[in-house]
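Positions are given from 1 along the sequence.
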Amino acid sequence: MEHIKQTFSLKKAWRYFLITYEVCWNLFLLFLIFSLCAVCFAIGLGAGYFASLVKDMPLPSYQEMKKDVYRYEETTHIYFANNVYLGNFRTDLEREEVKLEDISPYVIQAIIATEDEYFYEHHGVVPKAIIRALFQEITNSATQTGGSTLTQQLVKNQILTNEVSFERKAKEILLALRLEKFFSKKEILEAYLNVVPFGRNSSGRNIAGIQAAAQGVFGVNAKDLNLAQAAFLAGLPQSPFVYTPFTSDGNVKKDLSPALQRMNTVLKRMKQAGYISEKQYHEALQYDVAKHFAPPKPSPFKKYPWLTMEIEKRATKALAEVLAEKDGYQQQQLLQTPSLYKRYLAIAEKQLRQNGYNIYTTIDKNIYDRMQKVATNYQYYGNDVIRYVKDKQTGKTVAKREPVEVGAILIENKTGRIISFVGGRNYERQQLNHATQAYRSNGSTMKPLLVYAPAMEMGVIQPGSIIPDVELRIKGDKGYYTPKNADGKTHGFVSARHALQYSYNIPAVRTYVQIMNKHPVTYLEKMGITSVAKEEEKHVALAIGGTTKGVTVEENVNAYATFANYGTFIDAYLIEKIVSKDGQVIYEHKNKPVSVFSPQTSYLMIDMMRDVIRHGTASSIPAYLKFQADWAGKTGTGQDNKDSWFVATNPNVTFGVWMGYDIPAPLQQKYKGLSYSKRTQLLWAQLMNAAYDVKPQLIAPKTRFNMPGGIVRRAYCTASESAPSNVCQKAGSIYDLYNAKFAPKQQ
């Protein structure tokens with residue numbers, strides 16, 4: 001009986017087991033079916049959602065993608081004359097393009113091992129990595145491994161934005177798949193290594209691309225990076241400004257441990273991927289990275305502030321005009337439409353900061369460097385002026401020292417090339433370029449340009465013409481104008497040559513009165529002086545530099561070069577050419593000569609200005625110079641001695657110097673035993689001596705100004721401008737040069 005009960009219990013238990021098994025199996029099948037349905041639904045939902053995210057995105061063509069992928073900012077380079085490297089064009093980001101074959105294999109291996117281990121296997125995306133990253137995003141996981149391949153990162157950097165959204169991610173995936181269809185792995189890797197950011201370089205500037213990183217962090221080219229250096233740089237893109245070893249001011253960070261730990265991670269992954277051996281791994285770990293950081297390289301702006309700013313301004317203007325011309329606009333249209341000009345200037349500036357151009361200038365580095373040194377060390381400027389100004393922050397009145405400033409420029413006559421200039425004494429104190437941007441009264445240096453040369457061209461006077469140097473009162477709109485000579489005296493009847501030699505004002509004003517109705521300002525315009533308005537012609541003080549706005553040192557010196565060119569004006573320039581990174585000449589300067597004076601007038605003016613240096617107001621110049629040349633020049637003083645000038649020319653070059661205070665104030669009559677005029681001339685001579693030390697053949701040509709045909713030598717009466725007669729013998733006669741067309745007639 002007991003046996004029967006046991007048998008019955010076993011059967012009952014077996015029956016329960018079978019029932020339980022059937023129920024569980026059916027439940028499992030139901031769960032499996034439900035799960036498959038859920039997965040399919042999720043996939044369908046995800047696919048639908050993905051499609052909705054990208055449905056409005058047009059698929060780019062190969063050409064469009066190629067344009068986007070290779071459109072990255074690249075640093076523009078600046079050169080002195082003769083291809084001497086100056087430095088980088090100022091930009092927020094430094095980048096240098098480099099070919100894949102010119103990149104160290106260690107870099108390529110390190111990047112792939114760290115950023116995309118399946119790079120050579122996938123077709124743009126790695127599904128499991130995307131799912132993992134999506135799961136981490138949904139669950140807000142503390143560990144974020146990322147799901148982007150190098151291809152996706154390239155798409156994000158070059159085609160899309162850094163916006164964090166599912167829509168951007170969906171577009172990134174689709175474009176990555178399309179990019180892999182059009183481009184080889186080599187092309188994708190090369191583009192990635194040229195665009196990826198690497199933090200800052202040893203000068204504190206932002207860098208992108210492996211070549212800029214190699215140069216900026218270790219001071220070597222990308223192809224010369226060793227294993228440890230490559231691993232260090234390969235670790236930076238994950239978080240460039242966390243791992244970068246440099247601060248924004250170029251100092252090495254006190255704590256490099258995050259970057260070094262990241263480097264160790266990169267090396268470990270390289271070893272795991274089989275790129276390096278155990279021995280290489282340990283050797284790289286022992287490498288002292290910090291010991292091999294590149295020293296900071298001062299930017300050209302810090303070393304050459306006035307020069308780099310001038311280059312930027314002129315290069316931007318030149319490129320803007322090129323771009324506008326391509327669109328059908330002429331220079332005159334640009335100048336007449338400020339908004340249009342401003343737009344093209346903005347486009348040009350952006351291109352110069354991004355397109356990797358090479359800008360070649362006319363500046364001779366050695367002469368420029370020597371001149372800056374002379375200007376810095378010159379001991380005879382004069383005392384500072386103390387001005388009392390209101391402090392913007394405190395509102396209190398404080399004393400402010402203002403030094404004597406200087407502007408100078410050296411121009412090659414025949415070409416117009418600006419060889420060198422001095423922009424000022426201290427850029428940090430005053431950013432104004434006193435050679436090219438400061439407008440000041442040019443004093444008596446105006447006389448040859450506006451008075452004597454135009455009057456000789458018109459046949460009104462010649463060097464031997466007699467001009468009364470006696471008191472003069474001229475009625476004007478605001479009463480009478482009474483010009484005075486610098487010495488406060490009058491000198492009777494003097495020749496034009498003599499009046500210029502000693503810079504008498506009254507004869508210059510008398511001569512100007514004779515020609516002012518013939519529009520002599522047009523001569524200034526032809527010589528590039530555009531700051532003197534036509535309306536100013538009626539103001540007789542213009543003859544001695546009494547302008548409303550003034551002229552720049554560059555304008556004044558450039559105009560004087562017209563005489564050296566026998567009456568032809570050659571506009572001065574600083575930008576020789578702008579060349580694209582592929583060697584195409586985008587802009588190249590072309591001279592546009594302007595005929596201003598006849599060769600005869602120009603030579604007579606040169607000969608008159610020779611006397612200024614021989615025996616006149618600049619007679620100290622020959623003793624100050626260490627060399628000889630056929631110089632012709634003119635001194636100039638602004639009203640109340642607020643400006644001091646000296647400009648001179650020889651057959652090769654023209655050079656001028658201005659000295660004065662930024663806020664016009666009288667210069668000291670005497671300082672360390674020298675008058676303000678002699679202080680200006682001494683500085684002029686020292687700057688010329690410095691240039692001569694570098695290029696004696698340029699600065700001191702052995703040739704002299706050649707007298708052109710059409711000039712005759714005649715005696716003239718010192719009491720009149722006619723040829724001497726018997727009546728005139730007692731008054732005395734003297735010989736001088738004349739344009740044959742206007743030579744004196746016998747009386």
Side-chain angles (χ1 to χ4, degrees), residues 71-99 102 193-222 224 233 236 240 244-251 293-319 346-365 368-369 372 423 427 431 433 574-587:
R71 187 192 65 227
Y72 42 76
E73 293 183 23
E74 195 171 347
T75 306
T76 288
H77 298 283
I78 308 170
Y79 294 84
F80 288 104
N82 304 315
N83 297 340
V84 176
Y85 188 61
L86 169 58
N88 296 338
F89 198 88
R90 282 192 312 151
T91 179
D92 294 331
L93 181 70
E94 291 190 7
R95 189 200 312 269
E96 296 290 330
E97 185 179 11
V98 63
K99 297 295 182 184
D102 292 324
L193 287 170
N194 275 304
V195 302
V196 65
F198 285 92
R200 295 189 179 94
N201 62 17
S202 60
S203 299
R205 294 188 289 276
N206 297 335
I207 50 175
I210 189 61
Q211 175 64 12
Q215 278 286 340
V217 178
F218 293 111
V220 299
N221 289 320
D224 298 321
L233 294 179
L236 300 180
T244 184
F246 303 109
T247 62
S248 59
D249 55 6
N251 294 323
F293 284 154
K297 296 179 181 178
S299 69
F301 175 75
K302 287 184 179 180
K303 190 174 181 181
Y304 297 102
W306 278 298
L307 178 56
T308 52
M309 291 300 290
E310 195 67 27
I311 291 171
E312 286 187 19
K313 184 184 74 170
R314 294 184 186 234
T316 301
K317 180 177 180 292
L319 186 58
I347 296 171
E349 183 180 6
K350 184 178 180 181
Q351 287 197 12
L352 286 170
R353 299 199 189 283
Q354 297 180 354
N355 287 12
Y357 292 129
N358 290 312
I359 302 174
Y360 298 91
T361 74
T362 61
I363 299 295
D364 185 291
K365 180 183 186 301
Y368 187 88
D369 287 344
Q372 310 316 304
Y427 185 83
Q431 290 75 50
N433 189 328
L574 190 144
I575 305 298
E576 198 76 69
K577 60 183 177 180
I578 301 173
V579 182
S580 67
K581 60 184 179 181
D582 59 2
Q584 181 184 356
V585 177
I586 306 298
Y587 163 84

Mind listing the closest non-hydrogen atom pair of P197 and P240 along with its distance?
O-CG, 3.8 Å

Is a side-chain donor or acceptor of E97 paired with a backbone partner of E74 at a separation under 3.5 angstrom?
no

Is a side-chain donor or acceptor of S202 paired with a backbone partner of P295 at a separation under 3.5 angstrom?
yes

Do T308 and K302 have side chains that get closer than 4.5 Å, going by heavy atoms?
no

If you apply the rule side chain to side chain donor-acceptor pair (under 3.5 Å), what do you find for Y304 with D369, and how did you get there?
CA-CA 9 Å; Y304 297 102; D369 287 344; 2.9 Å; yes

If you measure from the Lys or Arg side-chain nitrogens to the Asp or Glu carboxylate oxygens, is any gap between E96 and K581 under 4.0 Å?
no

Among K297, R205, R200, salt bridge (Lys or Arg N to Asp or Glu O under 4.0 Å) partner for E94:
R205

Between I207 and V217, does a side chain to side chain contact (heavy atoms under 4.5 Å, CB included) hold up when you go through it step by step?
CA-CA 10 Å; I207 50 175; V217 178; 4.2 Å; yes

Are the aromatic rings of F246 and F293 close, with centres under 6.0 Å apart?
yes

Is the closest side-chain heavy-atom distance between Y587 and L319 below 4.5 Å?
no

Any sub-3.5 Å donor-acceptor pair from D249's side-chain atoms to G204's backbone N or O?
no

Among side-chain atoms of Y79 and E576, is any donor-acceptor pair under 3.5 angstrom?
no

Do the side chains of M309 and N433 get nearer than 4.5 Å, heavy atoms only?
no

Atom CG of L307 and atom CD of E312: how far apart are they, to the nearest 0.5 Å?
10.0 Å

Are any non-hydrogen side-chain atoms of F80 and D364 less than 4.5 angstrom apart?
no

In this structure, CD1 of I575 is separated from OG1 of T361 (nearest 0.5 Å) by 6.5 Å

In terms of heavy-atom contacts, N88 and P300 come closest through O-CG, 3.1 Å

Could you check whether any side-chain heavy atom of Q211 comes within less than 4.5 Å of a side-chain heavy atom of N221, counting everything from C-beta outward?
yes

Side-chain contact test, heavy atoms from C-beta onward, threshold under 4.5 Å: evaluate it for S580 versus Y357 and give yes or no.
yes

How long is the gap from CD1 on I359 to CZ on R314, to the nearest 0.5 Å?
13.0 Å

Is a side-chain donor or acceptor of R95 paired with a backbone partner of V195 at a separation under 3.5 angstrom?
yes

How many angstroms lie between atom OG1 of T316 and atom CD of Q351, to the nearest 0.5 angstrom?
10.5 Å

I'd like to check I311 versus I363 (side-chain heavy atoms, cut-off strictly below 4.5 Å). Are they in contact?
no

Considering all heavy atoms of both residues, which atom of A294 and which atom of G219 are nearest to each other, and what is their separation?
CB-N, 3.4 Å

Can you tell me how far apart OH (Y368) and CG (L86) are? Round to the nearest 0.5 Å.
9.0 Å

Please give me the minimum heavy-atom distance between A213 and F198, naming the atom from each residue.
CB-CG, 3.5 Å

I'd like to know if the side chain of N82 and the backbone of V84 have a donor-acceptor N/O pair within less than 3.5 Å.
no

Are N355 and I586 side-chain neighbours, meaning at least one heavy-atom pair lies under 4.5 Å?
no

Nearest non-hydrogen partners of Q431 and W306, listed with the distance
O-NE1, 3.4 Å

Approximate separation, where rounding is to 0.5 Å, of N358 CG and N83 CG:
9.5 Å

